[in-house]
Amino acid sequence: MFALIDCNSFYASCEKIFRPDLKDRPVVILSNNDGCVIARSSEAKKMGVSMTQPWYQVKDQYLSKGGVVFSSNYEFYADISNRVMNVLSDLCPEIDIYSIDEAFLDLRSFKKNIDLISFAYDCKRIIKEWIGIPVSIGIAPTKTLAKLANKVAKDDPRFDGVVILSEPRAIKHFLKSMPVEKVWGIGKKLTIRLENIGVKTAYDLTQIDSRLIGDNFNVVLERTVRELKGQSCITLHDFMEPKKQIMVSRSFGRSIRSKNLLSEAISFHASRAAEKLRHEKQKCRLITTFIRSNRFNSKIRQIYASRSLELIHPTDDTRVIIKNANRILEQIFADGYQYAKAGILLSDFTDSYGYQMSLFDKKRDDKKATKLMETIDYINLMEIAKVGFGNQGYRNTWRMKREIKSQRYTTKIDEIPLIR
DNA sequence: TCTGGGGTCCTAGGACCC
DNA sequence: TCTGGGGTCCTAGGACCC
């Protein structure tokens, strides 16, 4: 059996931890640039605010009805997430952290006749009492079924946040009541294609001929169907898989035309990406830079330009990454467009402890570079000062908006809550 | 004026090889 | 009214997820 533990309205719930005055108030969290809504408390959901809705469309009405809003505060959410995951791994060491707000537990290592119901309610109570975050729990023989059970646990108040599926007959009944688009891995496009062949519920999906799936769909769907039938195909990861790519990209506070400003933004993102890369203990060989206009604005001339560059030596050196990212920018930049977003993608990783040199490579002494990067990371991490590179710019014209951010209650000594 | 960011996996199709 | 048949490797792009 697998359990899926999912935090309810995670970001909104985080904001409520240190603000008891917001207990029953609607709370929404905005994406970077305060662009659109990415989390809503249950009260905000009831007001009809939808996910990824542009903020400007709901702002006036929402605020006039007494709604509360925050810019996203990822540092804070990540810290609360860590606390939740730590508690969960104490309760069950076989844990697979799936995202910032959810984790799978593999319950097969438990004793045979453990009472799943009381285990689930204990989990829920402990996380609420110790950390202050409400969670929903779905338990079932496969991850896909646990995911589905979790959805119902969260949406249907009759279940009080816990749904356990174990009996085949109950599972069948449950699947018949589930629209196919609620199934994990079935998105918009697949829903349309499935409905066209008469598949409306999750149960219908378990009944279609596997040859039909092989001919018309792909192995992903085939796996989903097997999981719905109770055959576990998606297991826990034994260890944290290393990342395969690192992306840093941002929309600008307002659109810009100048290459110099773009270069500052690219350098800034490149620097962040290099930091992440070193944190993963990887080196990259491929650097991709992209710049684009605002795709929602049909009145302006559109552009999306991107190019990749392959390095001879894999690197994690911020200076090398910045330099090459800007070389790409030189190649793809075109005058006369309004750019709204820029980003950098690092990929083709090799372990930073060693890589295969070619026969004619000179032995390279990059100890100095390694030491320099380590020192910069340390200074920034410890917040002794903020160290960056000159070409990251000092102008703030392209920086994002984040105007209504809460305090970093748990990670900054001068922002911890005060009790007077 | 105002529409996020960061991932994964899979597949089709091109380049290239014999 | 006709122009082989496999292979492999790589990349771009689609679909999906949170």
> Among the candidates B:dT8, C:dC18, B:dG4, find the nucleotide nearest to the side-chain atoms of A:Q245.
B:dT8
> On DNA chain B, does the nearest nucleotide to A:S255 precede the nearest nucleotide to A:I246 from the 5' side, or the other way round? Give the residue.
A:S255
> What nucleotide among B:dG4, B:dG7, B:dC10 has an atom nearest to a side-chain atom of A:K243?
B:dG7
> Side chain of A:E102 only, heavy atoms from C-beta on: which candidate in C:dC18, B:dG4, B:dT3 is closest?
C:dC18
> Kindly say if A:K147 contacts the phosphate of C:dC18, meaning a side-chain N or O under 4.0 Å from OP1 or OP2.
yes
> Starting at CD of A:E227 and ending at P of C:dC17, how long is that distance when rounded to a whole Å?
14 Å
> Among C:dA15, B:dC10, B:dG6, which is the nearest nucleotide to the side chain of A:V219?
B:dC10
> Categorize A:R223 for me: base, sugar-phosphate, or nothing, with a 4.0 angstrom heavy-atom threshold over every strand shown.
sugar-phosphate
> Distance alone, cut at 3.5 Å: any donor-acceptor contact between the side chains of A:D34 and A:S71?
yes
> Scan A:W55 against the nucleic acid and name what it touches under 4.0 Å (heavy atoms): base, sugar-phosphate only, or nothing.
nothing
> Looking at every strand, decide which applies to A:K341 at a 4.0 Å heavy-atom threshold: base, sugar-phosphate, or nothing.
sugar-phosphate
> Does a donor on one side chain sit under 3.5 Å from an acceptor on the other, for A:S13 and A:N8?
no
> Checking all strands, does A:Q53 fall into the base, sugar-phosphate, or nothing category for heavy-atom contacts under 4.0 angstrom?
nothing
> Please name the pair of heavy atoms, one in A:F349 and one in A:I246, separated by the smallest distance, quoted to 0.1 Å.
CZ-N, 3.8 Å
> Give the nucleotide from the list B:dT3, B:dC10, B:dG5 with an atom nearest to the side chain of A:V220.
B:dC10
> Whole Å only: how far is the CZ atom of A:F217 from the P atom of B:dA12?
14 Å
> Indicate whether OP1 or OP2 belonging to B:dG7 is found under 4.0 Å from a side-chain N or O atom of A:K276.
yes
> Counting any heavy atom closer than 4.0 Å, what does A:L190 reach on the DNA or RNA strands: base, sugar-phosphate only, or nothing?
sugar-phosphate
> Please tell me which of A:N297 and A:R250 maps to the more 5' nucleotide of DNA chain B, matching each residue to the nucleotide holding its nearest heavy atom.
A:N297
> Looking at A:S308, does any N or O in its side chain come under 4.0 Å of the phosphate oxygens OP1/OP2 on C:dT11?
no
> State whether A:R327 and A:E330 are salt-bridged, where the test is any N-O pair (Lys NZ or Arg NE/NH1/NH2 against Asp/Glu carboxylate O) under 4.0 Å.
no
> Is A:S249 close enough to B:dG6 that one of its side-chain N or O atoms is under 4.0 Å from OP1 or OP2 there?
yes
> Would you classify A:I100 as touching base, sugar-phosphate or nothing, given that sugar-phosphate means primed atoms plus P, OP1 and OP2, and contacts are heavy atoms under 4.0 Å?
nothing
> From CZ of A:R307 over to C1' of C:dT11, roughly how many Å is that when rounded to an integer?
15 Å
> Whole angstrom is fine here: how far is it from OH in A:Y77 over to P in B:dG6?
16 Å
> When you measure from the side chain of A:N33 to the backbone N and O of A:S251, does any donor-acceptor pair fall under 3.5 Å?
yes
> Using 4.0 Å as the upper bound for N to carboxylate O, is an ion pair formed by A:R278 and A:D377?
yes
> If C:dC18 has a Watson-Crick or G-U wobble mate with both distances under 3.5 Å, name it; if not, just say none.
B:dG5
> If you only use heavy atoms from C-beta on, which nucleotide in B:dG7, B:dT3, C:dC17 is closest to the side chain of A:Y56?
B:dT3
